[in-house]
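These notes are about the structure you will find just below.
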Amino acid sequence: MLAEAESRWLDANAEALDADGALAPEVVPRLAAAGLFRLGVPKALGGLGGDVRDAVEAIAEVAGHSLAAAFTFWGQRAFIEYLLQSPNQGLRERWLDALLDGSQAGATGLSNAMKFLGGIESLQITATPEGDDWRLDGTVPWCTNLRPQGFAAAVAVQRTGGGAPLVAVLKAGQPGVERSADLDLIALRGSNTASLRIEGARLEAADVIHEEANRFLPAVRPDFLGLQCGLSIGLARAALDTAAQRGGAGRSVLDAPIAAQREALASVVDGLYQGLADGRFRTRPEALFRARLALADIAQAAVQLELQASGGRGYHRDQPLTFARRWREAAFIPIVTPSVTQLQGELAKRAAQQSAATP
Ligand SMILES: Cc1cc2nc3c(=O)[nH]c(=O)nc-3n(C[C@H](O)[C@H](O)[C@H](O)COP(=O)(O)OP(=O)(O)OC[C@H]3O[C@@H](n4cnc5c(N)ncnc54)[C@H](O)[C@@H]3O)c2cc1C
């Protein structure tokens, strides 16, 4: 999927993409040039056809080289998915080509909305009617792929007068939308991750992705989460490959656990792809939540195996090893929304509801 030149560029610059933002401007154009944003997008709309599983595999492939690049990819591709599933054809027509060719960045500030959907927090942006439009106020505390060169970000907003929340697009340079400096993160620093302050920004109906967040979010959640699973899949595969390469004499004791994690990974990926293909996660998301939790565990175990196979060399900064970066990258997996804690809580809640409903 990734051309040799792009793989080499990502490998050569993975540390830099993790450590600072100097190369961040190159990521979206490079991924676009490789055609990656077109995977799983209908040919009639300028894509390469296939389905969302092709995009998940591509995110996994990039994640095996650099999680900063892969998460940027996720932001762009998830935004593209929102447009594909939006009833607002005009919005799609205005943005899609530029997102597919990488001349525009797409970002998803929907963690807050996903937590809202799970009953964890309230929406952090309000929409007050002003004539035919709305006035927006609030914050997006985290958002990746906010390219200073330009971006469109999806957010969910609460109508002050009541009614279903909206999912809408905010644009760079729009009056009332202010991007912070990049957040001071411990890793993934080349991902253009910042916050947004929204004060009196105008929202027109033309920029509404969906009028009812409560209907739209559960519908896009399988793809939102499925694409995110690509991060764990790619990280785990790469760490297990490195662990296997560093195995051998004296470390054969690691062969069995490496093989066991590979087998578990293949089986979870298989179930994930079946569920994404047949649409069952739309009405029964529990299996998707469990897949995401299992992948998070496998990614952590894989990085530990890479450490154990690398031994003390993995602790050196002056060795060309990948462990320390993967360890920091892996720390992102449990906290990205929906977080491991959130999903465990959600599954416990659903199990309790089910047992209460069973006579
Ligand atoms: C590098 C990076 C990039 C990011 N990019 C984006 C992005 O592009 N878009 C975006 O929207 N967000 C993004 N985020 C935010 C991310 O997805 C999470 O929302 C954020 O890390 C959650 O942390 P928090 O501090 O808000 O969690 P808190 O709300 O402080 O909660 C702490 C933990 O407890 C869990 N929790 C809280 N309440 C409950 C409950 N009632 N039941 C069960 N569990 C609960 C949370 O899920 C979390 O795991 C990014 C974060 C990072 C680190």
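Note that ligands are numbered from 1 as they come in the structure, with each ligand's atoms numbered from 1 the same way.
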Atoms of ligand 1, numbered as shown, that sit under 4.0 Å from any heavy atom of [X]:
X	result
Leu185	1 (C)
Gln342	43 (C), 44 (N), 47 (O)
Leu110	11 (O)
Phe71	3 (C), 4 (C), 5 (N)
Val336	17 (O)
Thr337	16 (C), 17 (O), 18 (C), 19 (O)
Thr144	3 (C), 4 (C), 5 (N), 6 (C), 7 (C), 8 (O)

Protein heavy atom at shortest distance from atom 29 (O) of ligand 1: Lys115 NZ, 3.0 Å
The one among Trp142, Phe332, Phe79 that brings a heavy atom closest to atom 14 (N) of ligand 1: Trp142
Option nearest atom 36 (N) of ligand 1 (shortest heavy-atom distance, choices Thr108, Ile120, Leu67): Ile120
4.0 Å heavy-atom contact, Ser111 with ligand 1: yes
Joint cluster assignment, Phe79 & Ile125, ILVMFWY side-chain distance < 4.5 Å: no
